[in-house]
Amino acid sequence: MKQKKMLILTFSQLKQIYNQEMPELVKMAVKSPTVEDFKAGLLMYLDACEVVNETAKEAREQIRLLLHYDGQDVHELSTGQDMSVQTIRLLYQFLTERLENIEMPTDLFIELFQLFKRLQGETVPLPSPQRIKSRNDRWATGLDEEVREERDENKERMLHLLIQKIENRKSKPSVRFHFEEGMSYEEKYELVSKWWNDFRFHLSMAVKSPAELNRFLGNSLSSETMYLLNRARKKGMPFFATPYYLSLLNITGYGYNDDAIRSYILYSPRLVETYGNIRAWEKEDIVEEGKPNAAGWLLPDGHNIHRRYPEVAILIPDTMGRACGGLCASCQRMYDFQSERLNFEFETLRPKEAWDSKLRRLMTYFEKDTQLRDILITGGDALMSQNKTLRNILEAVYRMAVRKQRANLERPEGEKYAELQRVRLGSRLLAYLPMRINDELVDILREFKEKASAIGVKQFIIQTHFQTPLEVTPEAKEAIRKILSAGWIITNQLVYTVAASRRGHTTRLRQVLNSLGVVCYYTFSVKGFNENYAVFAPNSRSMQEQQEEKIYGQMNPEQAEELYKLLETKVDAEEKEDVARQIRRFMRKHHLPFLATDRSVLNLPAIGKSMTFQLVGLTEEGKRILRFEHDSTRHHSPIIDQMGQIYIVENKSLAAYLRQLGKMGEDPEDYASIWSYTKGETEPRFSLYEYPDFPFRITDKMSNLGINT
């Protein structure tokens, strides 16, 4: 039966399908006096049934696992609550027409039907390379002529709105962006056209209300959307979108599809309803003075350092870096915006006099730690900090690295501390506000790299976040070129929202970024709390993309080593600028449409990233209950030894996800194999993302640890 039809079946229709396709299963349930008898009968049936192929074998083992977990209580890690697994019991009640909750959706039984169907050996053919290419090619990029023409029209409309906005600010004019008395409209237009290329202008003119948002989008938002956005504003949800980023949207109703951008700007009903009660998914980000965080690490006071792993910690400065160039609706730090630790009040975020001394204290944390070798400066957004501020932060990092090196000279082999190897700046401004990458910033990055390289720091990375190929505009292309010219590497992290998960969308993003010299790092599953219901794509879709689409960019070990050397080769800045050309030549040489250097992962609360999971149950709503293992390829906090089994409930059923794709214009049949991805394994890391070896032996001792090991 076609997916689209299956997804809308009523209970009675679905029961009829079970009777037609699986009469033995229905008969077994009807003849079983109790659910325990049914489960015993199922086990006997599984032992006796013929295994016709690998698909049937995997289905049999999966059903056995569901039987094993049925009736057990598990501890759901994200909510911290115990829950009872009742998958087979619910199936029994459905088949015998004894369901207590007649209001429950059919999604659970649709998934179980797909699972039992696989016992018969039915498989969905994998898409051909030609099919993958056609799905890839349907997605426009911000470099396409048609898209650029539409955006030029958007810009033209917005320039006139910006003139009005500046004129309406006469009582509180901007020091930098204002009109002199007596200027003609043509002079104002010329001036605003010039200011458009200044990132500070876009921050100053950012849209902060639903009414203004609608005006800048040509009054194209529906009354339902406006009602929702006004509710959000009343609840205190911040709005912040620059004219540049809004110009990327397509308001015509035809032409290129901009859903991946819209889902980042426009809030969903669930997000608005939940705002004010959002819980921190990243449990390790909750810091109490004197107590270890959820990952077991002791941290300085406040919210400046976040840590999950032994080797790396995040630094969030008390600067404008606590803000962003826009607010992503699916932001993992929405919890921090809710608590007002992050905001868009730029004046209040400028560094205070005490920040320099605080920064020195925070650097001491890195200096005195035995294992830290990687600092990720983020926020907010690291590049929201002013150039002078960023220079001071990088200088503090450099001095810390020097002090740690000198102290190591006095320590014997086997007792030395890890020295700084990697410096990263986390920023979405390459997509949100690429004009921020100005010549002064490039000079700061180049100078820091030159002197930090001289003391042994190996890797300098701008860790950015392009969500869709539509964000890769001529301005973004120039920003990428400038950063590469400073000798830094650029890596991309994608959040795998529903819009981004459409067939071919991610391969197209990899393709266009790789062509410009950017390598991909992570493809993140959306954290699964209720506020992100609208944008959550199940982990099985990540596995499907990995096995059916990303596979065409996979490299053999020799090719991966060649690419690693290309990216790591010590060349001067002038040559490094051309890394994009080298990557394009590499892909042509090996006939690769893109580079599959990213790993698909879910951020597990407190313990790190993983995509090693197994389906162990389904809720009444059909949501998958997944048992996760930690990523065995990297070091973790010793807390994992005390955590036991890790269970996560996804916040959306596969059936609900497929219905959502259907409403977006996708054919659910194109995703028919998704049901079979009931387990996953974390991919190996690309060599670039591994830490280099030290020329000495460091201590095994872990400092700043607040748990008994």
Side-chain angles (χ1 to χ4, degrees), residues 282-285 287 292-300 303-317 321 332-333 359 362-382 393-394 396-398 400-401 404-405 416-427 452 456-465 488-493 521-522 524 598-599 601-610 630-640 682 684-694 698-707:
E282 310 281 11
K283 294 182 183 295
E284 66 277 16
D285 288 354
V287 179
N293 70 359
W297 301 108
L298 292 167
L299 302 172
H303 297 271
N304 296 99
I305 292 181
H306 295 197
R307 187 174 183 183
R308 181 186 297 133
Y309 297 110
E311 297 98 340
V312 57
I314 289 172
L315 174 68
I316 300 179
Q332 70 173 29
R333 301 203 187 281
L359 178 59
L362 295 172
M363 287 299 102
T364 301
Y365 181 84
F366 284 85
E367 178 185 347
K368 302 297 183 183
D369 192 276
T370 58
Q371 301 297 321
L372 284 176
R373 66 201 70 187
D374 180 357
I375 183 168
L376 171 56
I377 303 166
T378 179
D381 192 301
I393 292 171
L394 290 174
V397 170
Y398 171 77
M400 173 272 292
K404 200 168 190 181
Q405 268 193 359
K416 295 182 184 294
Y417 288 8
E419 296 175 1
L420 188 66
Q421 293 180 315
R422 181 184 295 165
V423 178
R424 291 182 281 169
L425 299 177
S427 176
V457 180
K458 303 288 187 184
Q459 296 180 337
F460 304 84
I461 298 171
I462 300 292
Q463 199 160 287
T464 192
H465 170 31
W488 286 57
I489 289 169
I490 306 175
T491 63
N492 191 64
Q493 298 185 153
Y521 184 28
Y522 279 125
F524 282 116
D598 56 305
R599 298 202 297 169
V601 292
L602 172 68
N603 255 331
L604 299 171
I607 62 169
K609 305 167 185 68
S610 175
H630 67 270
D631 174 12
S632 60
T633 68
R634 68 175 302 169
H635 295 123
H636 286 267
S637 163
I639 197 78
I640 65 168
T682 310
R685 286 192 291 179
F686 177 51
S687 304
L688 180 70
Y689 309 131
E690 299 285 357
Y691 294 112
D693 292 329
F694 288 110
I698 70 167
T699 178
D700 293 329
K701 176 186 173 185
M702 291 191 184
S703 54
N704 294 311
L705 195 63
I707 57 174

### Summary
Output for pair (Tyr521 OH, Thr464 OG1), nearest 0.5 Å, gives 14.0 Å
#### Entry: Residue pair Asp381 / Ser427, side-chain donor-acceptor N/O under 3.5 Å
yes
### Over all atoms of both residues, closest heavy-atom pair of Leu359 and Ala396
CD2-CB, 3.6 Å
### Query
For the residue pair Asp369 and Tyr417, what are the closest heavy atoms and their distance?
O-CD2, 3.7 Å
### Task
Locate the shortest heavy-atom distance separating Leu420 from Met400; write the atom from each residue and the value.
CD2-CE, 4.4 Å
### Atom of Thr370, atom of Met702 and distance for their closest heavy-atom approach
OG1-CA, 3.5 Å
### Message
Could you work out, with side chain to side chain contact (heavy atoms under 4.5 Å, CB included) as the rule, every residue matching Leu376, not counting sequence neighbours?
### Response
Ile314, Thr378, Arg424, Gln463
### Query
Hey, does the side chain of Gln371 reach the backbone of Thr699 with a donor-acceptor pair shorter than 3.5 angstrom?
yes
### NZ on Lys368 to NZ on Lys404, rounded to 0.5 Å
10.0 Å
### Task
With sequence neighbours left out, write down each residue that passes side chain to side chain contact (heavy atoms under 4.5 Å, CB included) with Glu690, or none if nothing qualifies.
Arg685
### Query
Nearest heavy-atom pair of Val457 and Arg422: which atoms, and what distance?
CG1-N, 4.2 Å
### Task
Determine the interplanar angle of the Tyr522 and Phe524 rings, folded into 0 to 90°, and report it as parallel if under 30°, tilted if 30 to 60°, perpendicular if over 60°.
tilted
